[in-house]
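Numbering of ligands and ligand atoms starts at 1, following listing order.
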Amino acid sequence: MASALRNKLVVGGVAGLVAAVGGYTYFYPYARDVALVNKQQGETDAFTVKKIEEAYKILQDHPECHSLLKKHLTKSVVDQLKYKKTQLGATLYDVIRSGVHNLDAGVGVYAPDYESYKVFAALFDPIIEEYHGFGPNDKQPPVDLGEGRTGEFPPLDPAGKYIKSTRIRCGRTLKGYPFNPLLTSDDYLIMQQKVKSALESVQDKDLKGTYYPLQGMSKETQNKLIADHFLFKEGDRHLQHANACNYWPQGRGIFHNNDKTFLIWVNEEDHMRLISMQEGSDVGTILDRLNRGIKSVETKVPFARDDRLGWLTFCPTNLGSTVRASVHIKLPKVSARKDFKEICEKLNLQVRGIHGEHSESEGGVYDISNKARLGLSEFQAVKQMYDGVKELIQLEESAK
Ligand SMILES: Nc1ncnc2c1ncn2[C@@H]1O[C@H](COP(=O)(O)OP(=O)(O)OP(=O)(O)O)[C@@H](O)[C@H]1O
Ligand SMILES: NC(=[NH2+])NCCC[C@H](N)C(=O)O
């Protein structure tokens with residue numbers, strides 16, 4: 001028996017919302033996937049426990065695997081965590097499966113839901129500590145987007161000798177939803193609708209734009225957007241093996257303004273990635289645009305934040321400020337040095353290739369960004385990139 005109360009409903013004792021999406025009406029329980037949760041409660045089944053034990057062996061036996069997962073998934077951590085489950089049913093195997101199928105991964109773990117960071121803390125905490133330098137008793141500082149202080153970041157390379165373009169992105173999770181592996185097909189449609197409606201109400205002239213769902217987008221358009229560095233790639237094996245690409249391309253898409261200087265990715269790795277980018281090196285202007293973009297969206301869709309971990313993200317490398325500020329830069333002399341990567345590491349910088357993570361440099365152009373995102377504010381994360389890149393440019397100029 002179902003009793004309707006405006007758009008709220010109770011079906012078989014379960015309270016939920018009725019949502020109309022794409023011409024269909026869905027019943028959406030407040031307690032997520034109740035039937036599924038009931039089925040999944042209790043200890044991890046013997047088959048999964050065996051898979052976890054086998055995974056441990058695969059990682060340890062592989063001489064070329066150097067991931068943080070391998071390092072921190074010790075026998076005692078396996079024994080401590082192998083029977084554990086979150087309320088939504090995520091097991092240790094769900095956390096590690098990407099790194100077990102991708103032995104070349106640098107990190108190798110993802111959190112299927114928010115609770116995983118707590119239930120599987122014996123694995124996540126040491127990985128987080130090694131990646132961000134953020135200990136178990138540390139706490140993410142309060143939000144500081146650097147509003148009113150973006151003038152502290154004048155163009156890094158005013159003459160345009162080294163930097164081609166600059167990009168700052170952050171990630172956000174919609175409150176009340178788990179991460180990709182636990183999202184249902186309906187979740188994707190509902191979340192997409194929520195974000196799309198929020199974006200339609202953006203009034204700021206230079207932020208205003210259009211949402212383009214991936215479903216129905218021609219391959220040609222998609223590939224052009226990827227080649228031009230605006231859209232996420234498809235078929236990332238790290239995400240695929242994390243079970244993060246279910247129902248693809250449903251619920252995935254991109255919003256952008258006319259100039260493609262303010263963009264939002266929907267339901268790729270994170271529920272949302274907000275991006276501000278443009279040619280040149282005017283970090284202050286780019287940060288100011290991103291900040292206005294964040295403000296205009298967060299009033300419409302509430303985001304999930306944890307007191308200790310800051311803004312929540314699917315991958316532990318993105319927690320906290322979630323900010324990756326990067327430049328596409330050509331430094332012929334410095335990048336030819338054998339110790340180029342070490343120099344960058346010392347400056348807390350991460351080096352990537354021209355087509356993003358896990359890609360190679362082309363024509364001497366590198367993607368250089370801040371490495372840490374947790375334990376420092378948004379402003380400090382941008383400053384980490386800014387100061388580090390400034391130093392690299394000075395090194396380039398002083399090199400013989
Ligand atoms: N400074 C930049 N200028 C132009 N394009 C950039 C810049 N930095 C990154 N990009 C482009 O953004 C796209 C996404 O890159 P990438 O996936 O490495 O980073 P991300 O969006 O920060 O996410 P993640 O860290 O999760 O991979 C790629 O096409 C990449 O070349
Ligand atoms: N986009 C990210 N979350 N990047 C960080 C890690 C990516 C991948 N899981 C690895 O370990 O190499």
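Judged purely by atom type and a 3.5 angstrom limit, Gln60 uses its side chain to pair as donor or acceptor with the backbone of Lys70.
Here salt bridge (charged side-chain N to carboxylate O under 4.0 Å, His left out) pairs that include residues 227-241, with residues two or more places apart or in two chains, are Asp104-Arg237, Lys219-Glu234, Lys224-Asp228.
For Asp157 and Lys161, the salt-bridge test fails: no basic side-chain N is under 4.0 Å from an acidic carboxylate O. Residues Asp270 and Arg273 are paired through a salt bridge, judged by an N-O separation under 4.0 Å between the basic side chain and the carboxylate.
Enumerated by chain and number, the residues approaching ligand 2 to less than 4.0 Å through a heavy atom are Ala105, Gly106, Val107, Gly108, Tyr110, His238, Glu269, Cys315, Thr317, Asn318, Glu357, His358.
Screening Lys330, Arg169, Arg324 for a salt bridge (charged side-chain N to carboxylate O under 4.0 Å, His left out) involving Asp367 leaves a single residue, Arg324.
For Tyr177 and Tyr114, the distance between ring centers is not under 6.0 angstrom. If you look at Trp248 and Phe232, their ring centroids are closer than 6.0 Å.
Residues passing the side chain to side chain donor-acceptor pair (under 3.5 Å) test with Asp45, sequence neighbours excluded: Thr48.
For Arg352 and Tyr366, the positive end is not near the middle of the six-membered ring at less than 6.0 Å and at most 45° from its axis.
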Could you go through ligand 1 and list every pair where one of its N or O atoms sits under 3.5 Å from a protein N or O, giving the atom names and the distance to one decimal?
from: ligand 1; atom 1: 1 (N); to: Ser165; atom 2: O; distance (Å): 3.3
from: ligand 1; atom 1: 1 (N); to: Ser326; atom 2: O; distance (Å): 3.1
from: ligand 1; atom 1: 1 (N); to: Ser326; atom 2: OG; distance (Å): 3.4
from: ligand 1; atom 1: 1 (N); to: His328; atom 2: N; distance (Å): 3.4
from: ligand 1; atom 1: 3 (N); to: Ser165; atom 2: OG; distance (Å): 2.7
from: ligand 1; atom 1: 8 (N); to: Ser326; atom 2: OG; distance (Å): 2.7
from: ligand 1; atom 1: 8 (N); to: Asp367; atom 2: OD2; distance (Å): 3.4
from: ligand 1; atom 1: 12 (O); to: Arg167; atom 2: NE; distance (Å): 3.3
from: ligand 1; atom 1: 18 (O); to: Arg324; atom 2: NH2; distance (Å): 3.4
from: ligand 1; atom 1: 18 (O); to: Arg352; atom 2: NH1; distance (Å): 2.7
from: ligand 1; atom 1: 18 (O); to: Glu357; atom 2: N; distance (Å): 2.7
from: ligand 1; atom 1: 19 (O); to: Arg324; atom 2: NH2; distance (Å): 3.0
from: ligand 1; atom 1: 19 (O); to: Arg352; atom 2: NH1; distance (Å): 3.2
from: ligand 1; atom 1: 21 (O); to: Arg167; atom 2: NH1; distance (Å): 3.2
from: ligand 1; atom 1: 21 (O); to: Arg167; atom 2: NH2; distance (Å): 2.8
from: ligand 1; atom 1: 22 (O); to: Arg167; atom 2: NH1; distance (Å): 3.3
from: ligand 1; atom 1: 22 (O); to: Arg169; atom 2: NE; distance (Å): 2.7
from: ligand 1; atom 1: 22 (O); to: Arg169; atom 2: NH2; distance (Å): 3.3
from: ligand 1; atom 1: 22 (O); to: Arg324; atom 2: NE; distance (Å): 2.7
from: ligand 1; atom 1: 22 (O); to: Arg324; atom 2: NH2; distance (Å): 3.4
from: ligand 1; atom 1: 23 (O); to: Arg273; atom 2: NH1; distance (Å): 3.0
from: ligand 1; atom 1: 25 (O); to: Arg169; atom 2: NH2; distance (Å): 2.7
from: ligand 1; atom 1: 25 (O); to: Arg352; atom 2: NH1; distance (Å): 3.0
from: ligand 1; atom 1: 25 (O); to: Arg352; atom 2: NH2; distance (Å): 3.1
from: ligand 1; atom 1: 26 (O); to: Glu269; atom 2: OE1; distance (Å): 3.4
from: ligand 1; atom 1: 26 (O); to: Arg273; atom 2: NH1; distance (Å): 3.1
from: ligand 1; atom 1: 26 (O); to: Arg273; atom 2: NH2; distance (Å): 3.1
from: ligand 1; atom 1: 27 (O); to: Arg352; atom 2: NH1; distance (Å): 3.3
from: ligand 1; atom 1: 27 (O); to: Glu357; atom 2: OE1; distance (Å): 2.9
from: ligand 1; atom 1: 29 (O); to: His229; atom 2: ND1; distance (Å): 3.3
from: ligand 1; atom 1: 31 (O); to: His229; atom 2: ND1; distance (Å): 2.8
from: ligand 1; atom 1: 31 (O); to: Ile354; atom 2: O; distance (Å): 2.8

